[in-house]
Amino acid sequence: MDVTVALVALVLAAPVMVVIALLVRLSDRGPAVFSHTRVGFGGKPFACYKFRTMVANSGQVLVDHLASNPEAAREWEQNWKLRHDPRITFLGHILRKSSLDELPQLINVLRGEMSCVGPRPVVPDELQRYGICAADYLKARPGLTGPWQVTGRDAMDYPSRVALDSRYVRNWSMWTDVVILGRTVFAVMKFDQAS
């Protein structure tokens, strides 16, 4: 099911992906696609692809911002996200609100590193915050979409996101995946809940 859905989606999305890649390159110097190490099935690391939504020197921009803004540093420590992230470009905001930045992850699905539906892909340091729920996370492939994306997105606090992913893995069914895929279409239209 993963391969079929991802292949069809990739063929249909290819023209849009070409346009996005060109816009990213034209709007900010640097590569159009960004890869970041995430934890996969059984703890195996993989390069998770996204269209680049941040400035080319995003690492330094984050360090400088957190050093000069204690409130942002606390927010980052709690959620691993910032409501007002200075690294995100104007085009990046649009891509994130529409979830179009995640289209390159269809390649991760075809490579068997991700599933169409699953828990949020996390970075190695983030998995440590999962506590006992980390064991559940490692039993599934991370998803292009999942329960978090269709249930509040960034409106949820971090522990709730972890619990939601853990519950999804423990109660997995094919029907649940079909429902989540269907709900994803409507969830990405709710720009106010996107990151």
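For the pair Ile20 and Leu100, the minimum side-chain heavy-atom distance is below 4.5 Å.
Of the possible polar contacts, none joining the Thr151 side chain to the Trp148 backbone as a donor-acceptor pair under 3.5 Å is found.
Nearest heavy atoms, Glu102 versus Leu144: O-CD1, 3.5 Å.
For residues 29-49, every residue pair satisfying the ring pair (Phe, Tyr, Trp, His ring centres under 6.0 Å) rule, not counting sequence neighbours, is listed here: Phe34-His36. For residues 7-28, the set of pairs meeting the salt bridge (charged side-chain N to carboxylate O under 4.0 Å, His left out) definition, not counting sequence neighbours, comprises Asp28-Arg52.
Through direct or relayed side-chain contacts under 4.5 Å between Ile, Leu, Val, Met, Phe, Trp and Tyr, Leu22 connects to Val18. Grouped with Val11 in a hydrophobic cluster is no other residue, since no side-chain heavy-atom contact under 4.5 Å to another Ile, Leu, Val, Met, Phe, Trp or Tyr is found.
Take Arg120 and apply the side chain to side chain donor-acceptor pair (under 3.5 Å) test, not counting sequence neighbours, and it matches Glu126, Tyr130. Taking the side-chain contact (heavy atoms from CB on, under 4.5 Å) definition, one finds that Leu110 meets it with Val3, Ala6, Leu7, Leu10, sequence neighbours left out. In this structure, Thr37 has no side chain to side chain donor-acceptor pair (under 3.5 Å) partners at least two apart in sequence or on a different chain. Asp85 is linked by a salt bridge (Lys or Arg N to Asp or Glu O under 4.0 Å) to Arg87, counting only residues two or more places apart in sequence or in another chain. Residues meeting the side chain to side chain donor-acceptor pair (under 3.5 Å) test with Gln60, sequence neighbours left out: Asp64. Residues passing the salt bridge (Lys or Arg N to Asp or Glu O under 4.0 Å) test with Arg111, sequence neighbours excluded: Glu113. Taking Arg83 as the reference, Glu75 meet the salt bridge (Lys or Arg N to Asp or Glu O under 4.0 Å) condition, with sequence neighbours excluded. Not a single side chain to side chain donor-acceptor pair (under 3.5 Å) links Ser35 to another residue, sequence neighbours left out.
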